S.K.: 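Below you'll find the structure I mean.
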Amino acid sequence: MTTTTALPAPAEFSANPLDDALGQLKAAVETLSYGPGQHQMLARPRREMSVSIPLRRDDGIVEVFTGHRVQHNFSRGPAKGGVRFSPHVTLDEVRALAMWMTWKCALLDVPYGGAKGGVTIDPRGYSRAELERVTRRYTSEILPIIGPERDIPAPDIGTDERTMAWMMDTYSTSVGFTVPSVVTGKPVSLGGSLGRSSATSKGVVHIALAALAHRGLRPHGSTAAVQGLGKVGAGAAEFLAEAGVRVVVVGDQYGAVHAAGGLDIPRLLEHTERSGTVTGFEGAEAIDSDELLELDVDLLVPAAVEGVLHEGNAHRVRAGIVVEGANGPTTAVADRKLHAQGVLVVPDILANAGGVIVSYFEWVQGNQAYWWTADEVDERLERRMLQGWASVLETARSRGVTLREAATLTAVQRVAEAHTTRGLYP
Ligand code: GLU
């Protein structure tokens with residue numbers, strides 16, 4: 001089983017991520033000269049569902065949580081996106097994340113629209129049996145709108161392959177037969193794909209190495225800082241170190257550890273597995289989590305939550321390249337500042353797309369009931385990530401825009417084209 005992703009508190013300056021998502025869309029719509037109708041079609045979610053989730057706790061007391069599932073778009077295929085269990089979940093956050101899923105799938109040419117789900121709960125405060133009950137009740141509440149041809153959930157912050165197994169089982173029991181393709185990111189024993197659990201972090205590292213090369217840097221001799229030690233951050237630190245990059249600082253919500261000569265990542269991951277945090281890791285200097293973002297490194301990988309690079313700290317970022325492992329880690333204001341400072345920001349919808357790419361591979365394998373080898377999955381993932389990088393770089397060059405603008409433009413154009421080709425019903 002993969003470990004549950006860490007849950008840092010949102011940054012002090014963090015804006016509403018929906019404002020950032022809508023701002024990015026508006027800029028793309030203006031560049032593409034779309035009319036107000038088309039803009040509205042792209043801005044508004046197709047469908048939203050908010051549900052109450054009562055939980056009988058192990059001690060008999062009942063608590064009620066709120067859950068959401070937002071389906072932003074279906075123009076290119078069924079909706080697709082993760083489910084987040086976090087105390088910071090709001091409907092607006094889920095809306096923003098659903099919209100980013102639409103662009104991510106379109107950009108990487110994965111035949112889905114975008115969706116996202118969330119439950120406002122801190123999973124660290126609940127037993128495994130309680131989390132199972134919450135997951136099953138949430139699944140049964142959103143059951144009418146999900147399905148392998150409608151909307152396919154997957155893991156995100158605070159959820160993992162065990163959560164997906166419960167979702168798959170709840171859905172299957174309700175319809176009366178086993179439907180593995182209703183979710184992705186399942187355990188391999190239930191039809192999950194080899195390589196899915198490492199897919200997001202491997203994808204981040206393919207892009208990070210391409211971005212370093214673009215700036216004339218080799219992995220050996222380059223330095224990196226990684227924020228977040230959940231599924232994405234831990235894997236990114238590990239694969240960067242394997243590629244020869246000196247990972248000098250890694251942090252979670254409790255603190256960060258720094259070693260100028262490079263951290264021993266396998267040992268650090270063993271330590272965090274045991275203690276639940278990087279703090280207390282021997283042979284490294286303890287520093288403040290915020291300081292991690294401001295160190296003089298070649299590469300910064302924010303792989304935790306939204307809004308960590310904001311108006312209040314963007315001017316202090318000294319990294320030459322930011323590769324967004326998290327969704328929405330850079331606010332719109334910070335994005336402009338970083339660009340003005342000459343920082344190359346590789347946007348989330350490209351950098352962290354490895355997860356949904358291998359989710360797509362899992363769905364394809366499940367639908368065919370024919371499974372690929374780990375090498376096949378990894379090769380196809382790398383090819384798609386590097387094609388995505390090359391196409392975003394080319395669009396940025398030819399249009400004279402940032403990588404984020406290029407990625408958003410390409411994605412928005414593909415979704416709008418599918419919508420226009422299908423036409424309006426009735
Ligand atoms: N939660 C992941 C993301 O934000 C993966 C989504 C999926 O595989 O559907 O991209």
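Small disclaimer: the values here were computed from a predicted structure and weren't measured.
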S.K.: Which atoms form the tightest heavy-atom contact between Ile321 and Ala211, and what is the distance?
M.R.: CD1-O, 3.6 Å
S.K.: Between the main-chain N or O of Val89 and the side-chain N or O of Thr120, is there a donor-acceptor pair closer than 3.5 Å?
M.R.: yes
S.K.: Would you say the side-chain atoms of Arg414 pair up with the backbone N or O of Leu107, donor to acceptor, closer than 3.5 Å?
M.R.: yes
S.K.: Can you tell if the side chain of Val204 reaches within under 4.5 Å of the side chain of Val323, non-hydrogen atoms only?
M.R.: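 In short, these two side chains touch, coming nearer than 4.5 Å.
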S.K.: Under 4.0 Å between a side-chain nitrogen and a carboxylate oxygen: does that hold for Asp59 and Arg57?
M.R.: no
S.K.: Should Met167 and Val182 count as side-chain neighbours, where that means a heavy-atom distance under 4.5 Å?
M.R.: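 Met167 vs Val182: side chains apart.
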S.K.: Can you see which heavy atom on Gly307 is nearest to which on Thr331, and at what distance?
M.R.: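 Here Gly307 and Thr331 meet closest at CA-CG2, 3.9 Å.
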S.K.: Hey, does Trp363 have a side-chain heavy atom less than 4.5 Å from the side chain of Tyr112?
M.R.: yes
S.K.: Looking at every heavy atom in both Ala314 and Leu338, which two are closest together, and how far apart are they?
M.R.: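 The pair with the smallest heavy-atom distance is O-CD2, 3.7 Å.
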S.K.: When you check the side-chain N and O atoms of Gln24 and Trp103, is any donor under 3.5 Å from an acceptor?
M.R.: no
S.K.: Determine, stepwise, if the pair Asp335 / Thr330 fulfils side chain to side chain donor-acceptor pair (under 3.5 Å).
M.R.: CA-CA 6 Å; Asp335 207 26; Thr330 312; 5.2 Å; no
S.K.: Can you confirm whether Arg218 is buried at CZ, in the sense that more than 12 heavy atoms of other residues, nucleotides or ligands lie under 6.0 Å from that atom?
M.R.: no
S.K.: What I want to find out is whether Glu311 reaches Lys337 closely enough, with some N-O distance under 4.0 Å, to be called a salt bridge.
M.R.: no
S.K.: Evaluate Ser193 against Gln365 for side chain to side chain donor-acceptor pair (under 3.5 Å), listing each step before the verdict.
M.R.: CA-CA 8 Å; Ser193 176; Gln365 293 169 80; 3.0 Å; yes
S.K.: Just checking Glu282: does its CD atom have more than 12 heavy atoms from other residues, nucleotides or ligands closer to it than 6.0 angstrom?
M.R.: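 At most 12 heavy atoms, drawn from other residues, nucleotides or ligands, come within 6.0 Å of this atom.
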S.K.: If you look at every heavy atom in Val278 and Gly255, which pair is closest and at what distance?
M.R.: CG2-O, 3.4 Å
S.K.: Is a donor from one side chain sitting under 3.5 angstrom from an acceptor on the other, for His72 and Thr102?
M.R.: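 Judged by distance alone, the side chains do pair up.
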S.K.: Find the distance between CZ (Arg383) and CD (Gln387) and round it off to the nearest 0.5 Å.
M.R.: 7.5 Å
S.K.: Look at atom CD of Glu417 and say whether more than 12 heavy atoms of other residues, nucleotides or ligands are closer to it than 6.0 Å.
M.R.: no
S.K.: May I ask you to check whether over 12 heavy atoms, not counting those of His258, lie within 6.0 Å of atom NE2?
M.R.: yes
S.K.: When you compare the side chain of Leu309 with that of Leu293, does any pair of heavy atoms fall below 4.5 Å?
M.R.: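 They are in side-chain contact.
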S.K.: Heavy-atom distance under 4.5 Å between the side chains of Arg69 and Tyr138, does that happen here?
M.R.: yes
S.K.: What's the separation between atom CD in Glu242 and atom NZ in Lys202, rounded to the nearest 0.5 Å?
M.R.: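 Glu242 CD to Lys202 NZ: 8.0 Å, rounded to 0.5 Å.
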S.K.: Under 4.0 Å between a Lys/Arg side-chain N and an Asp/Glu carboxylate O for Glu294 and Arg318?
M.R.: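 Salt bridge between Glu294 and Arg318, a charged N being under 4.0 Å from a carboxylate O: no.
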S.K.: Between the side chain of Arg397 and the main-chain N/O of Val392, is any donor-acceptor distance below 3.5 Å?
M.R.: no
S.K.: Does any part of the side chain of Leu240, heavy atoms only, come nearer than 4.5 Å to the side chain of Val226, both counted from C-beta?
M.R.: yes
S.K.: With a 3.5 Å cut-off and no angle check, do the side chains of Asp169 and Ser172 form a donor-acceptor pair?
M.R.: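 The answer is no; no qualifying pair exists.
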S.K.: Please check: side-chain N/O of His88 versus main-chain N/O of Val305, any donor-acceptor pairing under 3.5 Å?
M.R.: no
S.K.: With distance as the sole test, does Asn313 use its side chain to make a donor-acceptor pair with the main-chain N or O of Val308 at under 3.5 Å?
M.R.: yes
S.K.: Set out, in order, the CA-CA distance, both residues' side-chain angles and the distance that settles side chain to side chain contact (heavy atoms under 4.5 Å, CB included) for Leu25 and Val412, then state yes or no.
M.R.: CA-CA 8 Å; Leu25 171 64; Val412 167; 3.9 Å; yes
S.K.: Using a strict 4.0 Å threshold on nitrogen-to-oxygen distance, state whether Asp151 and Lys80 make a salt bridge.
M.R.: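 No, this pair does not count.
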S.K.: I'd like to know whether Thr279 forms a side chain to side chain contact (heavy atoms under 4.5 Å, CB included) with Val257, so could you lay out the CA-CA distance, the side-chain angles of the two residues, the decisive distance to 0.1 Å, and finally the verdict.
M.R.: CA-CA 7 Å; Thr279 58; Val257 287; 5.8 Å; no
S.K.: Quick check: do Leu42 and His419 have side-chain heavy atoms less than 4.5 Å from each other?
M.R.: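 No. Closest side-chain heavy atoms not under 4.5 Å.
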S.K.: Using the rule given for side chain to side chain donor-acceptor pair (under 3.5 Å), can you reason through His68 versus Ser50, listing the C-alpha separation, both sets of side-chain angles and the distance that settles it, and then say yes or no?
M.R.: CA-CA 4 Å; His68 310 283; Ser50 292; 2.8 Å; yes
S.K.: Determine yes or no for a side-chain-to-main-chain donor-acceptor pair under 3.5 angstrom, with Glu379 supplying the side chain and Glu376 the backbone.
M.R.: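 Flag not set: sc Glu379 to bb Glu376 has no pair under 3.5 Å.
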S.K.: Output a table of donor-acceptor pairs, distance under 3.5 Å, between side-chain atoms of residues 343-360 and any protein atom two or more places apart or on a different chain; print 'none' if there are none.
M.R.:
unit_1: Asp348; atom_1: OD2; unit_2: Gly328; atom_2: N; d: 2.7
unit_1: Asn352; atom_1: OD1; unit_2: Lys104; atom_2: NZ; d: 2.8
unit_1: Asn352; atom_1: ND2; unit_2: Gly325; atom_2: O; d: 3.2
unit_1: Asn352; atom_1: ND2; unit_2: Ala326; atom_2: O; d: 3.1
unit_1: Asn352; atom_1: ND2; unit_2: Asn327; atom_2: OD1; d: 2.9
unit_1: Ser359; atom_1: OG; unit_2: Thr184; atom_2: OG1; d: 2.8
unit_1: Ser359; atom_1: OG; unit_2: Arg196; atom_2: NE; d: 3.0
unit_1: Ser359; atom_1: OG; unit_2: Arg196; atom_2: NH2; d: 3.4
unit_1: Ser359; atom_1: OG; unit_2: Gly355; atom_2: O; d: 3.3

S.K.: Is there a side chain to side chain contact (heavy atoms under 4.5 Å, CB included) between Val205 and Val245? Walk through the geometry before answering.
M.R.: CA-CA 10 Å; Val205 172; Val245 175; over 6 Å; no
S.K.: At their closest point, which heavy atom of Phe239 faces which heavy atom of Ser201, and how far apart are they?
M.R.: CE1-OG, 3.5 Å
S.K.: Kindly say whether Pro329 contributes a backbone atom to a donor-acceptor pair with the side chain of His310 at under 3.5 angstrom?
M.R.: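 Checking the backbone N and O of Pro329 against the side chain of His310, no donor-acceptor pair under 3.5 Å is found.
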S.K.: Distance check, rounded to the nearest 0.5 Å: Ser289 atom OG versus Gln227 atom CD?
M.R.: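 If we round to the nearest 0.5 Å, Ser289:OG and Gln227:CD are 7.5 Å apart.
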S.K.: Give a yes or no on this: more than 12 heavy atoms of other residues, nucleotides or ligands lie within 6.0 Å of atom CZ of Arg56.
M.R.: no
S.K.: Check the pair Asn73, Ser75 against side chain to side chain donor-acceptor pair (under 3.5 Å), reporting the backbone distance first and the verdict last.
M.R.: CA-CA 6 Å; Asn73 194 280; Ser75 292; 3.2 Å; yes
S.K.: Does the Arg384 side chain pair with the main chain of Leu108, one donor and one acceptor, at a distance under 3.5 Å?
M.R.: yes
S.K.: If you measure from the Lys or Arg side-chain nitrogens to the Asp or Glu carboxylate oxygens, is any gap between Glu362 and Lys186 under 4.0 Å?
M.R.: yes
S.K.: Where do Pro54 and Ser52 come nearest, in terms of heavy atoms and distance?
M.R.: CD-O, 3.5 Å
S.K.: Tell me whether Lys231 is salt-bridged to Asp156, with the criterion being a basic N under 4.0 Å from an acidic carboxylate O.
M.R.: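 Judged by the 4.0 Å cut-off on N to carboxylate O distance, Lys231 and Asp156 do not form a salt bridge.
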S.K.: When you measure from the side chain of Arg215 to the backbone N and O of Gly320, does any donor-acceptor pair fall under 3.5 Å?
M.R.: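 Present.
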S.K.: Could you check if a side-chain atom of Phe281 sits within less than 4.5 angstrom of a side-chain atom of Ser275, using non-hydrogen atoms only?
M.R.: no
S.K.: Under 3.5 Å, is there a donor-acceptor pair between the Thr402 and Glu405 side chains?
M.R.: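 Their side chains do contain a donor-acceptor pair, which is all the 3.5 Å distance test asks for.
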S.K.: After noting the C-alpha distance and the side-chain angles of His206 and Leu209, does the key distance pass the side chain to side chain contact (heavy atoms under 4.5 Å, CB included) rule?
M.R.: CA-CA 5 Å; His206 291 316; Leu209 298 180; 5.7 Å; no
S.K.: Do any N or O atoms from the side chain of Asp298 and from the backbone of Thr223 form a donor-acceptor pair under 3.5 angstrom?
M.R.: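 A pair under 3.5 Å: yes.
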S.K.: What about the rings of Phe65 and Tyr126, do their centers lie closer together than 6.0 Å?
M.R.: yes
S.K.: Any salt bridge linking Glu132 with Arg136? Criterion: basic side-chain nitrogen under 4.0 Å from a carboxylate oxygen.
M.R.: yes
